[in-house]
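Quick notes on the structure that follows.
It should be emphasised that the depicted structure is a prediction, and the values quoted were computed from it without experimental measurement. Each residue takes its place number in the sequence, starting with 1.
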Amino acid sequence: MQHLNYNHLYYFWMVQKKGSVTKAAEALCLAPQTITGQIRALEERLKGSLFKRVGRNLVATELGELVFRYADKMFSLSYEMLDLLNYQKDNSLLFEVGIADALSKALVSRVLLTVIPNDGSVHLACYESTHESLIERLREHKLDMILSDCAGGSLKYPEILSKKLGECGISFFAAEASTLPFPACLEERKLLIPGKRTSLGQQLHRWFAEKNLNVNILGEFDDAEMMKAFGYFNRGIFVAPSIYRHDILSQGMVLLGETNDIQEEYHVMFAERMIQHPAVKSLLATDFGDLFAGLDLQVQSFEHRIS
């Protein structure tokens with residue numbers, strides 16, 4: 001049997017993964033005509049069509065789906081092999097971490113600093129994006145690990161493992177104090193909160209309804225730092241995980257109240273192959289309980305004082 005051209009197979013695999021010839025061509029830095037020609041050559045070799053047109057979209061045929069399943073296994077294994085070789089050949093091991101844009105940079109730094117040695121043996125590279133985008137990059141072997149406030153995406157894919165690092169309640173801050181008790185004081189001024197697509201944003205909306213609070217939301221933010229910046233300029237009450245309370249108070253902000261009814265969770269997600277990476281092994285073996293345990297007691301004490 002004539003040898004299979006794996007470049008042709010790779011181009012087909014990329015088109016199926018990206019969803020179109022145009023997107024695959026952009027990822028491969030090739031002209032769309034080149035991609036189309038290579039796929040036609042593969043179809044001639046396999047004696048069958050790999051795609052069919054449905055409206056304006058390309059959809060894999062039955063043959064295309066079969067070929068893609070095998071190609072996906074093949075190229076996933078090749079990426080895994082390259083990952084392992086890259087870790088072993090250099091004096092410093094590359095550690096590419098995806099960070100959900102909803103997370104505080106302060107917390108991310110604290111977590112990563114606990115597992116990155118000071119001897120230069122690990123070279124850290126951070127990439128920030130949405131949780132959904134990071135999951136896709138992790139599945140494409142473009143990241144080694146993800147830090148996120150959501151673990152839902154990992155449950156869809158058996159090759160992705162996850163661990164919950166911890167959780168904490170949230171606090172409400174403002175540039176000026178209020179004469180009203182908490183949480184009634186939240187109705188006094190406009191609010192700055194995380195976007196509804198975030199777990200924290202969804203929890204806040206439910207909590208407002210449960211407490212019968214008639215709040216006025218000035219803005220919703222995917223970027224926690226941007227939300228805090230508006231709060232620092234006295235544009236409204238903003239929220240933040242209670243773990244950052246002391247840092248925010250040191251900036252001259254006033255604590256209006258705290259609650260454990262809303263929990264910000266922190267998760268790490270990684271591909272199964274990464275269990276042997278030194279930084280991942282260190283993180284999995286680290287107990288971050290001290291980072292959250294003492295805080296919970298402080299929040300409970302505060303809630304007791306204002307109730």
Side-chain angles (χ1 to χ4, degrees), residues 100-108 110-111 131 148-152 164-232 234-267 288-307:
D101 52 15
L103 289 186
S104 163
K105 311 306 181 289
L107 176 69
V108 171
R110 292 175 186 175
V111 170
H131 174 81
S148 180
D149 61 339
C150 176
K164 182 178 177 180
L165 299 181
E167 61 185 15
C168 71
I170 66 163
S171 299
F172 294 82
F173 301 91
E176 299 175 354
S178 173
T179 58
L180 297 177
F182 179 81
C185 60
L186 301 181
E187 298 179 330
E188 188 179 25
R189 299 176 221 166
K190 295 180 180 180
L191 296 187
L192 310 166
I193 66 173
K196 288 183 180 179
R197 71 178 184 84
T198 67
S199 172
L200 189 55
Q202 294 173 12
Q203 290 185 72
L204 277 165
H205 280 281
R206 290 195 297 267
W207 187 74
F208 293 148
E210 292 169 358
K211 297 293 183 180
N212 294 317
L213 293 173
N214 184 23
V215 297
N216 183 0
I217 298 174
L218 173 63
E220 299 186 24
F221 302 81
D222 287 340
D223 190 320
E225 297 305 315
M226 178 65 72
M227 178 178 61
K228 286 193 293 185
F230 271 76
Y232 289 154
N234 197 17
R235 295 301 182 184
I237 299 171
F238 66 95
V239 302
S242 297
I243 197 169
Y244 314 126
R245 180 181 58 204
H246 297 299
D247 293 338
I248 295 174
L249 292 179
S250 68
Q251 300 296 320
M253 295 296 103
V254 176
L255 176 65
L256 299 181
E258 299 178 290
T259 180
N260 270 332
D261 292 341
I262 301 171
Q263 290 287 311
E264 173 88 306
E265 295 187 353
Y266 304 94
H267 300 265
F288 291 96
D290 291 343
L291 194 60
F292 301 95
L295 174 73
D296 290 339
L297 294 177
Q298 293 172 354
V299 172
Q300 291 169 5
S301 175
F302 184 87
E303 287 182 326
H304 178 73
R305 293 199 304 270
I306 64 176
S307 61

Original post:
Rounded to the nearest 0.5 Å, what separation is found between the CG atom of L191 and the CE atom of M227?
Top reply: 10.5 Å
Please tabulate, one pair per line, all N/O donor-acceptor pairs under 3.5 Å involving side-chain atoms of residues 206-219, not counting sequence neighbours.
unit_1, atom_1, unit_2, atom_2, d
W207, NE1, D261, OD2, 3.3

**OP:** Please round to the nearest 0.5 Å and tell me the distance separating atom NZ of K196 and atom OG1 of T198.
**Re:** 11.0 Å
**OP:** Assess whether side-chain contact (heavy atoms from CB on, under 4.5 Å) is satisfied between I237 and F173, documenting all intermediate values.
**Re:** CA-CA 6 Å; I237 299 171; F173 301 91; over 6 Å; no
Subject >> Rounded distance [0.5 Å steps], CZ in F182 versus OG1 in T259 >> reply: 6.0 Å
Subject >> Nearest heavy atoms of A175 and V254, plus distance in Å >> reply: O-CG2, 4.0 Å
**OP:** Answer with yes or no whether the side chains of Q203 and H205 bring together a donor and an acceptor at under 3.5 Å.
**Re:** no
**OP:** Kindly give the heavy-atom pair with the smallest separation between S178 and E188, and that separation in Å.
**Re:** OG-OE1, 2.5 Å
**OP:** Report yes or no: do H131 and S148 form a side-chain donor-acceptor pair below 3.5 Å?
**Re:** yes
Subject >> Nearest heavy atoms of S171 and L255, plus distance in Å >> reply: CB-CD1, 3.7 Å
Original post:
Got a second to check how far F288's CZ is from R110's CZ, nearest 0.5 Å?
Top reply: 12.5 Å
**OP:** Working to the nearest 0.5 Å, report the span between CD1 of I193 and CG of L186.
**Re:** 11.0 Å
Original post:
Any idea which heavy atoms bring S242 and I170 closest together, and the distance?
Top reply: OG-C, 3.2 Å
Subject >> CD-OG distance between E264 and S199, expressed to the nearest 0.5 angstrom >> reply: 7.0 Å
Original post:
Stepwise, does the side-chain contact (heavy atoms from CB on, under 4.5 Å) test hold for E258 with F172?
Top reply: CA-CA 6 Å; E258 299 178 290; F172 294 82; over 6 Å; no
**OP:** May I ask you to decide whether E176 forms a salt bridge with R189, counting only side-chain N to carboxylate O separations under 4.0 Å?
**Re:** no
**OP:** Please report the shortest heavy-atom distance between N260 and C168, naming the atom on each side.
**Re:** OD1-C, 4.5 Å
Original post:
Stepwise, does the ring-ring contact (aromatic ring centres under 6.0 Å, His included) test hold for F230 with F238?
Top reply: CA-CA 8 Å; F230 271 76; F238 66 95; over 10 Å; no
Original post:
Can you name the nearest heavy-atom pair linking E265 to K164, along with the distance?
Top reply: OE2-NZ, 3.4 Å
